[in-house]
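One structure is given below, encoded as structure tokens.
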2 protein chains.
Amino acid sequence: MGQITDGPVPKYRQLAEILRARIEAGELAPGDPIPSETALEAEFDLARGTIRKAIAALREEGVIVTTRGKGSYVAGA
Amino acid sequence: MGQITDGPVPKYRQLAEILRARIEAGELAPGDPIPSETALEAEFDLARGTIRKAIAALREEGVIVTTRGKGSYVAGA
DNA sequence: CTGTATTTGTTCGTATGTATT
DNA sequence: AAATACATACGAACAAATACA
């Protein structure tokens, strides 16, 4: 489940890959909300900064869009 | 400009001198905020730890005051 | 309309590991 | 061996935008 492991691959990269996989698998469709930072903290037992780094990476790739006070959403809606 | 160079003088000392110079020149007046650690990272292309070491030196000299969650400010406001 | 709660944004504090000098 | 420097990661406080009762 929360398959983030210690090792050579940074946790924030692992999380970014997991989220991307969920999107590419269609689990999260365009326009759908990404779980909040707090929810992801709980699900993966990671610090908020680590969560935010993963989300920032996906945002820079154009995979998601983030709005302050609202949340992040799968791009392409 | 105030460029950090590789050499015998540690980068954190070079940065501390640059910041002190800005303050003594009046570029940064008492009460003014010092650029954030993130901003200084970008400006000088240094790791955060190096930035913090420079700031810590100025703080110990009483040149600046730092508050968590807010930032560092030129002392003497 | 008025607060309160949620959510993202930004900042500093601390610790660990690795590599280089 | 020791100091320097980078990257990663967790924690905490402060701030602002949005949502909601």
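Throughout, protein chains are lettered first and strands after them, A, B, ... in sequence-line order, and every chain is numbered starting at 1.
- Shown for residues 58-68 of chain A: residues whose heavy atoms fall under 4.0 angstrom of DNA chain C, namely Thr66(A), Thr67(A), Arg68(A).
- Residues forming a side chain to side chain donor-acceptor pair (under 3.5 Å) with Arg52(B) (at least two apart in sequence, or on another chain): Glu37(B).
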Anything under 3.5 Å between a donor and an acceptor, one on a side chain of residues 24-34 of chain B, the other on a protein residue two or more places apart or in another chain? List them.
from, atom 1, to, atom 2, distance (Å)
Asp32(B), OD2, Ala29(B), N, 2.9

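- Figure legend. dA1(D) is base-paired to no nucleotide; pairs are counted as Watson-Crick or G-U wobble with both atom distances under 3.5 Å.
- Along DNA chain D, the nucleotide nearest Lys11(A) and the nucleotide nearest Lys53(B) are compared for position; the residue whose nucleotide lies closer to the 5' end is Lys53(B).
- Under the side chain to side chain donor-acceptor pair (under 3.5 Å) criterion, Glu43(B) pairs with Arg22(B), not counting sequence neighbours.
- The side chain to side chain contact (heavy atoms under 4.5 Å, CB included) test applied to Val63(B) returns Ile23(B), Leu58(B), Glu61(B), not counting sequence neighbours.
- Considering only residues two or more places apart in sequence or on other chains, Ala47(A) meets the side chain to side chain contact (heavy atoms under 4.5 Å, CB included) condition with Thr50(A).
- Nucleotides of DNA chain D lying under 4.0 Å from heavy atoms of chain A occupy a range whose first and last members, 5' to 3', are dT8(D) to dA19(D).
- Across all strands shown, Ile55(B) has no heavy atoms under 4.0 Å from either base or sugar-phosphate atoms.
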Would you tabulate the side-chain donor-acceptor contacts of residues 11-18 of chain B under 3.5 Å, counting partners in other chains and residues two or more places apart, or write 'none'?
from, atom 1, to, atom 2, distance (Å)
Gln14(B), OE1, Thr5(B), N, 2.9
Gln14(B), NE2, Thr5(B), O, 2.8
Gln14(B), NE2, Val9(B), O, 2.8
Glu17(B), OE1, Arg20(B), NE, 3.4
Glu17(B), OE1, Arg20(B), NH2, 3.4
Glu17(B), OE2, Arg20(B), NH2, 2.4

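- Of the two residues near DNA chain D, Arg48(B) and Arg48(A), the one whose nearest nucleotide lies more 5' is Arg48(B).
- With sequence neighbours left out, the side chain to side chain contact (heavy atoms under 4.5 Å, CB included) criterion links Ala39(A) to Pro35(A), Ser36(A).
- The two residues Val74(B) and Ile64(B) have their closest heavy-atom pair at CA-CG2, 4.3 Å.
- Each side-chain hydrogen bond (donor to acceptor under 3.5 Å, both in side chains) pair with one or both residues in residues 68-77 of chain A, not counting sequence neighbours, appears once here: Thr66(A)-Ser72(A).
- Gly71(A) comes within 4.0 angstrom of the backbone, heavy atoms only, and of no base.
- Protein chain A contacts DNA chain C over a range whose 5' and 3' limits, counting nucleotides with an atom under 4.0 angstrom from a non-hydrogen atom, are dT7(C) to dT10(C).
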